[in-house]
Amino acid sequence: MLDSYNREISYLRISVTDRCNLRCIYCMPEEGVPLRDHGDCLSFEDIVKIAREAASLGIRKVRLTGGEPLVRKGIVDLVGMLRQIEGIELITMTTNGYSLDRYARPLKEAGLDSVNISLDTLDPDKYSHLTRGGDISNVLRGIDAACEAGFPIKLNMVVTEETGAGEVDRMREFCRSKGVRLQQIREYSLKEDKEEHDDITYHRPPPCSQCNRIRLLSNGRIKPCLHSDHEIIIDKDDIRSSLMEAIQNKPRCGTVCSTRNMVEIGG
């Protein structure tokens, strides 16, 4: 389906939870965020209904995000349910990799096509600082498990002011050694005006003119744009109309999102 600026919207990002087992400094406030009960999140059945209707409107790619999607109980079952939807060609996941050593093979068997794994540094102490206490060895085991399961893998590296000289080169060599792709992400804030950049060094965020996605939040709201406060509550009795409204209300260009933290949206 085309939005009002003639962009084909074919990509649905689904945040299955706002919970996370890390506290990355650019994603979550130091004090954390108020956590909703799992019962306040969309059920898997509702997510599948929404994804099925989205597929009928031209959505071909689904990405599961969080928070951290692997903390949502039954996530493997959700992948299997989504895999049965006609029209969905690609099911992917963005994860911090912390629990991926346990989930990689079951996710692959359920039908997950690929994974993006967040890792901003190879320095154990710096990783602990950036994640407020995380242990990088868990992520490295997750990367190995995903490789062994046969996943195509992108490694998401957020480049911040704290990224030291040579860190990108070391990460690039690490990715080559593992046979995975490096995706460099320019650090940005939802609370500041979105800036468009022509620097090809960074793969994300994409320019607004190329944006082909909408976002389903775990509380049942749709965000037509990451950098906007505008949200649409899914009408469970008329999901199709809610999705169409979101697509048609997608702005030409993002500005700011002042009402949510990144952990609630999933990027």
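The basis for the numbers below is simple: all heavy atoms, side chains too, and nothing from hydrogens, waters or symmetry mates. For this chain, numbers begin at 1 and follow the sequence in order.
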N/O donor-acceptor pair under 3.5 Å between Arg105 side chain and Glu148 backbone: yes
Side chains of Glu53 and Ser56, donor plus acceptor under 3.5 Å: yes
Nearest non-hydrogen partners of Met171 and Thr121, listed with the distance: CE-N, 3.5 Å
Asp113 with Arg83: basic N within carboxylate O range, under 4.0 Å: yes
Single-linkage hydrophobic cluster, 4.5 Å side-chain cutoff, Leu90 and Val62 together: no
Electrostatic pair Asp229:Arg260 at N-O distance under 4.0 angstrom: no
Test applied, side chain to side chain contact (heavy atoms under 4.5 Å, CB included); reference residue, Leu64; option that passes from Val79, Thr94, Thr92: Val79
Backbone N/O of Glu231 and side chain of Arg221: donor-acceptor pair under 3.5 Å: no
Residues Asp144, Arg141: salt bridge by 4.0 Å N-O rule: no
Greater than 12 external heavy atoms within 6.0 Å of Met1's CE: yes
Arg252 atom CZ, over 12 foreign heavy atoms within 6.0 Å: no
Flag side-chain contact, heavy atom, 4.5 Å: Ile214 against Leu243: yes
Within-4.5 Å side-chain heavy-atom neighbours: Lys223 and Cys257: yes
Lys250 side-chain N/O to Asn212 backbone N/O, donor-acceptor pair under 3.5 Å: no
Among Leu70, Val71, Asn96, the one residue meeting side chain to side chain contact (heavy atoms under 4.5 Å, CB included) with Cys20: Asn96
Heavy-atom neighbours of Lys49 NZ exceed 12 at 6.0 Å: no
Ionic contact status for Glu173 with Arg170, cut-off 4.0 Å: no
Linked, directly or transitively: Leu226 and Tyr26 (ILVMFWY side chains, under 4.5 Å): yes
Non-hydrogen atoms of Leu12 and Ala54 that approach each other most closely: CD2-CB, 4.1 Å
Glu68 and Thr17 side chains, donor-acceptor separation under 3.5 Å: no
Side-chain touch Glu162/Lys126, heavy atoms, less than 4.5 angstrom: yes
Point-to-point distance, once rounded to the nearest 0.5 Å, from CG of Asp120 to OG1 of Thr131: 9.0 Å
Pairing residues for Ser177 by the side chain to side chain contact (heavy atoms under 4.5 Å, CB included) criterion, not counting sequence neighbours: Phe174
